[in-house]
Protein chains: 2
Amino acid sequence: MKKQNELPQCDCTIIHNDIINRVRSEMPRAEHLYDLSELFKSLSDQTRLKILFALSKNEMCVCDIANLLEMSQSAISHQLRVLRNVRLVKYHKVGKVVYYTLDDNHVNELFKQGLDHVAHQ
Amino acid sequence: MKKQNELPQCDCTIIHNDIINRVRSEMPRAEHLYDLSELFKSLSDQTRLKILFALSKNEMCVCDIANLLEMSQSAISHQLRVLRNVRLVKYHKVGKVVYYTLDDNHVNELFKQGLDHVAHQ
DNA sequence: GTTTCATATGAATACTTATTCACATGTTAA
DNA sequence: TTAACATGTGAATAAGTATTCATATGAAAC
């Protein structure tokens, strides 16, 4: 999505170099930024949010989730893979049926902070 | 991005209707889900994450941010609008210069939980 | 083994988005 | 008022993504 050809930069003259240098030294590592953006990206879709909300209430199989959200099994399965990749959900099989649950309670904390923010008007 | 023509649903027979009905009654309102997904969407881009991290360390003008991240002023300005729209940042003008700060500390809490999650391996 | 069924997945497609480019806006200084 | 400059913004474009469709996988039942 990014086009990395030249380096454009800003040609302003009002630059606070002391602040820039200090802040630059305090920036998180690129790897952590990447992981964090991937985590938030997985939370940026309404379907996935619904899935996570549902799983925060109850363990559910793929079929249950599809019926709850009135969406195709395939669509749900694709989205569950995204959530597995960022380790927000885990699953266990019982015969043919795969039951999903939240992987840990970070999701609930993220929801709480997020809803608290959007609720402030 | 979604194609809403028919309603496909899942044709599985293993459906836990009791759970589905109870969870459905506990789902957040569509409006809240939308706001929450917009909030997380704004946190899902590395450029915006860097901007927010920087502002969590210091108030900065647009020019500073562009230089810090080695990106064009225009790109930064576009992204700042996204962050303004979800009220993650606010600003004040001093002459021609616009200084941005975090709007509240929900961002820091979200970062903390997010980094905590990704750090767990 | 064959069928059935729950789930996963690759390719295609419609839609979204991050950046660039060109230019508008608004403020300061001359 | 004109020039200079910091920032904002619309249109265009390249890249990313959510769903569908068709099909694969794998486990249970027959």
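In what follows, chains carry the letters A, B, and so on, assigned in the order in which the sequence lines appear, proteins first and then strands, with residues in each chain numbered from 1.
- Straight-line distance from the CZ atom of Phe40(A) to the C1' atom of dT17(D): 19 Å, rounded to whole Å.
- Considering only side-chain N and O atoms, Arg84(B) lies under 4.0 angstrom from the phosphate OP1 or OP2 of dT9(D).
- Residue Lys41(A) places its side chain closer to dT17(D) than to any other of dA18(D), dT17(D), dT7(D).
- Per the geometry, CD1 belonging to Ile76(B) stands 18 Å off P belonging to dT17(C), to the nearest Å.
- Between the base of dT9(C) and the side chain of Ser74(A) there is a donor-acceptor pair shorter than 3.5 Å.
- Applying the 4.0 Å criterion to OP1 and OP2 of dG10(C), one finds that Arg81(A) has a side-chain N or O inside that range.
- Here the C1' atom of nucleotide dA18(C) and the CE atom of Met71(B) are 8 Å apart, to the nearest Å.
- Between Leu43(B) atom CG and dA18(C) atom P there is a gap of 12 Å when expressed in whole angstrom units.
- Atom C1' of nucleotide dT9(D) and atom CG of Leu80(B) are separated by 13 Å, given to the nearest angstrom.
- For dT20(D), the base has a donor-acceptor partner in the side chain of His78(A) [N/O atoms by modelled type, under 3.5 angstrom].
- Remark: Gln73(B) is not in phosphate contact with dA6(D), judged by side-chain N or O atoms under 4.0 Å from OP1 or OP2.
- Per the geometry, CG belonging to Asn67(A) stands 10 Å off P belonging to dT7(C), to the nearest Å.
- Here the side chain of Arg87(A) pairs a donor or acceptor atom with the backbone of His117(B) at under 3.5 angstrom.
- Distances shorter than 4.0 Å separate some side-chain N or O of Tyr100(B) from OP1 or OP2 on dG8(D).
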Per-nucleotide protein contact string for nucleotides 25-30 of chain C, where B marks a base within reach and S marks sugar-phosphate only (heavy atoms under 4.0 Å, - for neither): -BBS--
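- Of the possible donor and acceptor atoms, none in the side chain of Ser77(A) sits under 3.5 Å from a partner among the backbone N and O of Ser74(A).
- The phosphate of dT19(C) has OP1 or OP2 within less than 4.0 Å of a side-chain N or O from Thr47(B).
- Atom-to-atom, CG of Leu83(B) to C1' of dT17(C) comes out at 14 Å; the value is rounded to the nearest Å.
- Note that CD of Gln46(B) and CG of Leu69(B) are 11.0 Å apart. Values are rounded to the nearest 0.5 Å.
- Listed by chain and residue number, Thr101(A), Asp103(A) satisfy the side chain to side chain contact (heavy atoms under 4.5 Å, CB included) test with Lys90(A) (two or more places apart in sequence, or in another chain).
- Residues Val82(A) and Val62(A) fall into different hydrophobic clusters, defined by Ile, Leu, Val, Met, Phe, Trp and Tyr side chains chained together at heavy-atom separations under 4.5 Å.
- Ser72(A) has a side-chain polar atom (N or O) that falls below the 4.0 Å cut-off from OP1 or OP2 of dT20(D).
- The distance between atom CD1 of Ile65(A) and atom P of dT19(D), rounded to the nearest whole Å, is 13 Å.
- In this structure, His106(A) and Glu109(A) have side chains that are not in contact, with every pair of non-hydrogen atoms separated by 4.5 Å or more.
- Taking the six-membered ring where the residue is Trp, Tyr91(A) and Tyr100(A) present tilted rings, their angle falling between 30° and 60°.
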